[in-house]
Novice: 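Dumping the structure here so I can ask a few things about it.
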Amino acid sequence: MKIKNIFVSFLVIMIGWMLLTWSLDVSSVLIGTGISLALSVVLCGSCNLFSEINLTPKAFAYFFWYIIVFLIELVKANIDVTRRVLSPSMPINPGIVKVQTTLKSKMARLILANSITLTPGTFTIEITDDALYIHWIDVEAEDVKGATNAIVRKFEKLLEVMYG
Amino acid sequence: MDNIIIYISIAMLMGTLLAGLIRFVKGPSVVDRVVAFDSMTVTSLVMIGVIAFLSNRAIYLDVAVVYGFLSFLGVIIVAKYIQGGL
Amino acid sequence: MEIIGQIFLLMGSFSLMTAAIGLLRMPDVYNRVQTGTKASTLGAIMSFIGLALMAYESWGEINWVGRFAVLVVFIILTNPVSSHVLMRAAYAMKIPLSKLTTVDKLREDINNKVLEEPKDE
């Protein structure tokens, strides 16, 4: 699926260009289109970063829903960190746990790992084919199943739709 | 006295830079120092934004974008180096 | 509008300061990386949103908003990656975990030969 790769990377580069220049002149848009097309063909002609993404309306809807869920988790993470740092006794109980994931696509696992890093109290250390090792600042469940339910499930069910 | 909240924010950002500098000097291991450097970089990005707002120059924001990108590359390269892969 | 922007900027600065206090107080390097990453990411995002609101209110120049949007997306994408690489480097250097640590499944799996020592490919 070379065409899909080139198309998605062209869209990403073009949106970046439009945001940075912020003008709708004909010359500016033409130059941007040319540069984005050349860059996406040269850089992403042989990569397969975006080949597993689903370009359906349902996937787009889930993408925006994912962003909302992610932002809520980010704010919750910050409140959590503030509470832990500012309380005098520092209620931490750290440990490294192992969780399972069923996602196959590389890009989906990358997004999953980054999201876990920015959600409350968890941080990805190491990632293998089907497991992630997570540093948890307040361990609630030491076994694989409980940790998977607590950390991974809420993102995984959205990512499964986006990445087939 | 229109900008009093902005000045309070600048004072807090200065405190952040100071705390990062203390961890940078004290840090027992290399990774502590790199983390402190990373946190100081993000603080400096915000500070560049505040200065651009106060002096009304949009061109400073481009400096912030490039600075953030270079800092990201720097942290990655240092981490790779102390891991023994470079 | 402007007061909302100022409140956002103040909350972002407070969040960044929380990150720095966490850097000073936490017992070992892993917890320091955690607090530093999370609090500083959200702090920078909120400060940029506040500055964008203030700039739009003051001059009505929309091109500031585009640059702040680029900065926000850039920080969301790069900050977790660099922190993850740092954490992995710290684990490969065998920096000891703090006394409070309860469980270490990664070390168990390395000792049981399920997994190799994390190092570079």
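Throughout, a chain's letter reflects where its sequence line sits, starting with A, and its residues are numbered from 1. These numbers were taken from a predicted model, which means no experiment stands behind them.
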Novice: With side chains defined as the heavy atoms from C-beta onward, is the minimum distance between C:Tyr30 and B:Val31 less than 4.5 Å?
Specialist: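 They are not in side-chain contact.
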Novice: May I have all residue pairs that pass salt bridge (charged side-chain N to carboxylate O under 4.0 Å, His left out) and include part of residues 39-53 of chain B, sequence neighbours excluded?
Specialist: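 Every candidate salt bridge (charged side-chain N to carboxylate O under 4.0 Å, His left out) pair involving residues 39-53 of chain B fails, so no pair, neighbours aside, qualifies.
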Novice: Counting only non-hydrogen atoms closer than 4.5 Å, does B:Arg57 touch chain C with its backbone (N, CA, C, O), its side chain (CB onward), both, or neither?
Specialist: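 Looking at B:Arg57, just its backbone touches chain C.
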Novice: Give the minimum heavy-atom separation between B:Val50 and C:Leu51, together with the two atoms involved.
Specialist: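 Closest approach of B:Val50 to C:Leu51: N-CD1, 3.7 Å.
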Novice: Checking C:Met93 against chain B: side chain, backbone, both or neither under 4.5 Å from a heavy atom?
Specialist: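 For C:Met93, the side chain is the part near chain B, not the backbone.
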Novice: Give me the atom names and distance for the closest heavy-atom approach of B:Val46 to C:Ala44.
Specialist: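 Here B:Val46 and C:Ala44 meet closest at CG2-CA, 3.9 Å.
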Novice: As an exercise, state the distance from CD of C:Gln6 to CG of B:Asn3, rounded to the nearest 0.5 Å.
Specialist: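 These two atoms lie 7.0 Å from each other.
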Novice: Could you tell me which portion of C:Leu71 (side chain, backbone, both or neither) has an atom closer than 4.5 angstrom to a non-hydrogen atom of chain B?
Specialist: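 Just its side chain gets close to chain B.
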Novice: Yes or no on side chain to side chain contact (heavy atoms under 4.5 Å, CB included) for B:Val75 and C:Val85, after CA distance, side-chain angles and deciding distance?
Specialist: CA-CA 9 Å; B:Val75 170; C:Val85 175; over 6 Å; no
Novice: Sequence neighbours left out, what pairs pass salt bridge (charged side-chain N to carboxylate O under 4.0 Å, His left out) with at least one residue falling in residues 70-83 of chain C?
Specialist: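 Not a single pair qualifies under salt bridge (charged side-chain N to carboxylate O under 4.0 Å, His left out).
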Novice: Measure across B:Ala79 and C:Ala89 and return the closest heavy-atom pair with its distance rounded to 0.1 Å.
Specialist: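 B:Ala79 and C:Ala89 have their closest heavy atoms at O-CB, 3.8 Å.
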Novice: In Å, rounded to the nearest 0.5 Å, how long is the span from CE of C:Met17 to OG1 of B:Thr43?
Specialist: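 It is 11.5 Å, given to the nearest 0.5 Å.
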Novice: Quick check on B:Asp32 against chain C: is it the side chain, the backbone, both or neither that has a heavy atom closer than 4.5 Å?
Specialist: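 Both parts, heavy atoms under 4.5 Å.
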Novice: Is there a side-chain contact between B:Ile8 and C:Leu10 in this structure, where contact means two heavy atoms from C-beta onward sitting under 4.5 Å apart?
Specialist: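 In contact.
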Novice: Can you list the steps and then say if B:Ile22 with C:Leu23 is a side chain to side chain contact (heavy atoms under 4.5 Å, CB included)?
Specialist: CA-CA 10 Å; B:Ile22 291 173; C:Leu23 277 183; over 6 Å; no
Novice: Table please: side-chain donor-acceptor pairs of residues 60-74 of chain B below 3.5 Å, with sequence neighbours left out.
Specialist:
{"residue": "B:Asp62", "atom": "OD1", "partner": "C:Arg67", "partner atom": "NE", "Å": "3.2"}

Novice: So do the side chains of B:Ile6 and C:Leu9 get within less than 4.5 Å of each other, counting heavy atoms only?
Specialist: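 Yes, close enough: below the 4.5 Å cut-off.
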Novice: At what distance, to the nearest 0.5 angstrom, does CG of C:Leu86 lie from CD of B:Gln83?
Specialist: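 If I round to the nearest 0.5 Å, the distance is 10.0 Å.
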Novice: Under a 4.5 Å heavy-atom cut-off, does chain C meet the side chain of B:Val78, its backbone, both or neither?
Specialist: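 Neither part.
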Novice: Checking heavy atoms, do the side chain of C:Ala90, its backbone, both or neither come under 4.5 Å from chain B?
Specialist: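 For C:Ala90, the contact with chain B is made by backbone and side chain together.
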Novice: Need one label for B:Ala11: side chain, backbone, both or neither, based on atoms under 4.5 Å from any heavy atom in chain C.
Specialist: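 No part of B:Ala11 comes within 4.5 Å of chain C.
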Novice: Counting a contact as any heavy-atom pair under 4.5 Å apart, which residues of residues 32-42 of chain C contact chain B?
Specialist: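 Near chain B, by residue number: C:Arg32, C:Val33, C:Ser40.
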Novice: Can you measure from NE2 (C:His84) to CD1 (B:Ile76) and round to the nearest 0.5 angstrom?
Specialist: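 Rounded to the nearest 0.5 Å, the NE2-CD1 separation comes out at 9.0 Å.
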